[in-house]
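Numbering of residues begins at 1 and proceeds along the displayed sequence. As the structure is a prediction and not an experimental result, all values here were calculated from the model.
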Amino acid sequence: MNFYGYQRKNGTVGIRNYLAIISTVICANEVAEAISNKVKDSVPVLHPQGCCQMPVDLKRVTSTLAGLGINPNVGAVLLVSLGCEGVNVEEVEKRIRQAGKPVEKVIVQEIGGISKAVAKGVELADLMAEDLKKQEKKPASISDLVVGIKCGSSDTLSGLLTNPIVGMAVDKIIGCGGRVVFGEVTEMIGAENHIVSRIKNPEIKDKIINSIINIENRAKSVGEDMREGQPTPGNIKGGLTTIEEKSLGAIIKSGSKIIDDFIEYGEQVREGKLTVVDSPGREPELLTGLAAAGAQIIIFTTGRGAPQGYPICPVIKVTANPRTYEKLNELIDVGFTINDDVDDIESVFDADSNKLLSYFNEVCNGKLTKAEINKYNKFINIYVTGPVI
């Protein structure tokens with residue numbers, strides 16, 4: 001599988017060429033959005049974090065914002081800072097610049113207010129946007145890709161059909177030299193045996209098991225059981241009964257290959273072919289974790305229908321629920337139709353995984369996903385573990 005992409009100076013390849021207007025703190029969101037509204041082909045990256053947080057979370061937000069700027073789909077970055085936030089803006093700027101990307105910065109408190117910040121930001125962004133237009137695509141291959149996978153609004157068909165099909169596609173992507181990253185540690189509870197059976201490295205095995213224990217203990221620390229919130233009410237309406245049942249269906253989308261790396265939230269994938277990122281299951285945080293890890297494209301399985309996209313990553317939504325595909329066709333990119341009287345389900349999964357990869361290849365070559373067409377890609381969040389102070 002080959003495609004044409006944007007070659008970056010650090011050796012990565014983007015399938016999109018975004019000018020990202022990244023707010024470094026919630027208080028700068030409006031300014032970043034105002035700048036993006038005036039600069040064609042730019043995307044605002046807005047979030048509710050960046051200040052009055054514990055050091056561990058400020059470090060995580062700093063790392064995540066840098067990761068988003070480094071993402072191969074981003075060709076240039078304008079950082080929009082209020083000026084007094086806790087996040088380390090200089091570190092974000094430094095890491096993006098070290099990746100060989102153009103990066104500029106506007107600080108609202110230093111420049112003299114919102115109107116001056118917007119005017120200066122538009123001036124800087126227009127110059128970067130002009131440079132991005134001059135860049136041409138070059139031949140690239142699937143080995144240049146990091147693919148994120150996610151499931152959401154799951155139902156019983158997610159674990160029985162949609163996720164196994166995606167799992168087969170994941171095996172093929174890795175077999176062709178691509179890398180895959182997934183998370184949703186919450187939805188590994190009850191599937192621990194299946195996870196560890198696919199890990200050879202004892203250190204990685206310990207990290208993933210500890211991550212599962214930690215995320216469950218976070219719920220216990222506030223006097224709650226994870227099972228009071230998982231499965232979600234929507235999952236239950238879709239036929240799922242327990243977190244364990246949900247987990248066993250969710251993990252199948254990661255395929256059957258060896259899990260060979262584990263990264264913290266905000267870190268970038270390394271040489272591992274199949275990496276786990278420490279993360280919760282909720283869409284706004286998990287999609288950010290995948291994008292910050294370096295995913296250029298995300299495959300998102302859904303049972304009852306999920307609308308989400310992401311500002312800097314095409315998100316391909318797939319389902320094997322025919323009613324969902326028919327009712328929510330404007331949101332779903334790929335639908336699988338599987339008859340009840342199929343004799344050889346493996347051959348059906350194989351054909352459907354090829355159908356998904358064909359669409360996947362089109363998106364890598366510029367085809368817009370439904371989320372991109374609908375512009376349902378604005379709200380994001382960053383996973384934090386401590387209190388707001």
Side-chain angles (χ1 to χ4, degrees), residues 16 18-53 57-71 73-93 95-96 101-130 132 266 282-285 287-289 291-292 307-313 315 371-372 374-384 387-389:
R16 299 290 188 267
Y18 292 118
L19 167 59
I21 314 295
I22 300 179
S23 170
T24 59
V25 62
I26 183 173
C27 310
N29 279 349
E30 279 80 359
V31 177
E33 187 172 28
I35 293 169
S36 183
N37 287 341
K38 293 176 181 291
V39 180
K40 188 178 179 182
D41 297 329
S42 68
V43 291
V45 180
L46 316 176
H47 59 90
Q49 310 297 344
C51 200
C52 293
Q53 296 172 284
D57 282 333
L58 290 174
K59 183 179 178 182
R60 180 179 296 213
V61 174
T62 298
S63 177
T64 302
L65 294 177
L68 295 177
I70 293 169
N71 184 288
N73 289 345
V74 175
V77 179
L78 175 68
L79 298 173
V80 181
S81 161
L82 178 62
C84 60
E85 59 265 47
V87 72
N88 188 334
V89 181
E90 290 71 26
E91 177 66 17
V92 176
E93 180 183 18
R95 289 182 55 187
I96 296 172
K101 292 189 182 178
V103 54
E104 299 286 353
K105 182 173 58 181
V106 172
I107 303 175
V108 176
Q109 291 173 343
E110 291 185 5
I111 203 167
I114 294 173
S115 57
K116 290 182 179 178
V118 171
K120 184 63 178 178
V122 170
E123 176 187 336
L124 294 169
D126 275 340
L127 291 173
M128 289 192 284
E130 285 300 313
L132 290 183
R282 198 170 73 157
E283 282 80 355
E285 288 85 355
L287 294 177
T288 298
Q308 287 88 357
Y310 200 78
I312 62 171
C313 292
V315 178
E372 288 177 298
N374 295 327
K375 300 187 185 303
Y376 207 106
N377 54 6
K378 294 183 177 59
F379 185 77
I380 75 167
N381 203 350
I382 299 170
Y383 177 44
V384 295
V388 174
I389 54 177

Does any N or O in the side chain of [X] come within less than 3.5 Å of the main-chain N or O of [Y], such that one atom is a donor and the other an acceptor?
X	Y	answer
Thr62	Leu58	yes
Lys40	Asp126	no
Lys101	Gly69	yes
Ser36	Ile21	no
Glu30	Cys27	no
Thr64	Arg60	yes
Ser42	Val39	yes

Nearest-0.5 Å distance that lies between atom [atom1] in [X] and atom [atom2] in [Y]:
X	Y	atom1	atom2	result
Ile107	Ser81	CD1	OG	5.0 Å
Asn381	Glu283	CG	CD	12.0 Å
Arg16	Glu372	CZ	CD	4.5 Å
Ile22	Leu68	CD1	CG	6.0 Å
Ile96	Glu104	CD1	CD	11.5 Å
Asn73	Tyr18	CG	OH	6.5 Å

List the steps and the verdict of side chain to side chain contact (heavy atoms under 4.5 Å, CB included) for Leu78 and Val106.
CA-CA 8 Å; Leu78 175 68; Val106 172; 3.9 Å; yes
When Leu82 is tested against each of Ile26, Asn29, Val108 for side chain to side chain contact (heavy atoms under 4.5 Å, CB included), which residue passes?
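Only match with Leu82 under side chain to side chain contact (heavy atoms under 4.5 Å, CB included): Val108.
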Heavy-atom neighbours of Lys105 NZ exceed 12 at 6.0 Å
yes
Would you say CD1 of Ile114 has more than 12 non-hydrogen atoms from neighbouring residues, nucleotides or ligands within 6.0 angstrom?
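It does not: Ile114 CD1 has 12 such atoms or fewer within range.
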Do you know which two heavy atoms are closest between [X] and [Y], and how far apart they sit?
X	Y	result
Val74	Val77	CG1-CG2, 3.6 Å
Ile380	Pro311	CG2-CD, 3.6 Å
Val122	Ile35	N-CG2, 3.9 Å
Cys84	Cys51	O-SG, 4.2 Å
Tyr310	Ala291	CE2-CB, 3.6 Å
Ile382	Leu65	CD1-CD2, 4.0 Å

Kindly determine whether Gln49 and Val25 satisfy side chain to side chain contact (heavy atoms under 4.5 Å, CB included), including the steps that lead there.
CA-CA 6 Å; Gln49 310 297 344; Val25 62; over 6 Å; no
Does the side chain of [X] reach to within under 4.5 Å of the side chain of [Y], using non-hydrogen atoms?
X	Y	result
Asp41	Leu132	no
Ser63	Arg95	yes
Gln53	Ile389	no
Val80	Thr24	no

Kindly indicate, with the supporting measurements, whether the criterion side chain to side chain contact (heavy atoms under 4.5 Å, CB included) is fulfilled by Gln308 and Val315.
CA-CA 8 Å; Gln308 287 88 357; Val315 178; 5.9 Å; no
Worked verdict on Ile312 versus Val43 for side chain to side chain contact (heavy atoms under 4.5 Å, CB included):
CA-CA 8 Å; Ile312 62 171; Val43 291; 4.1 Å; yes
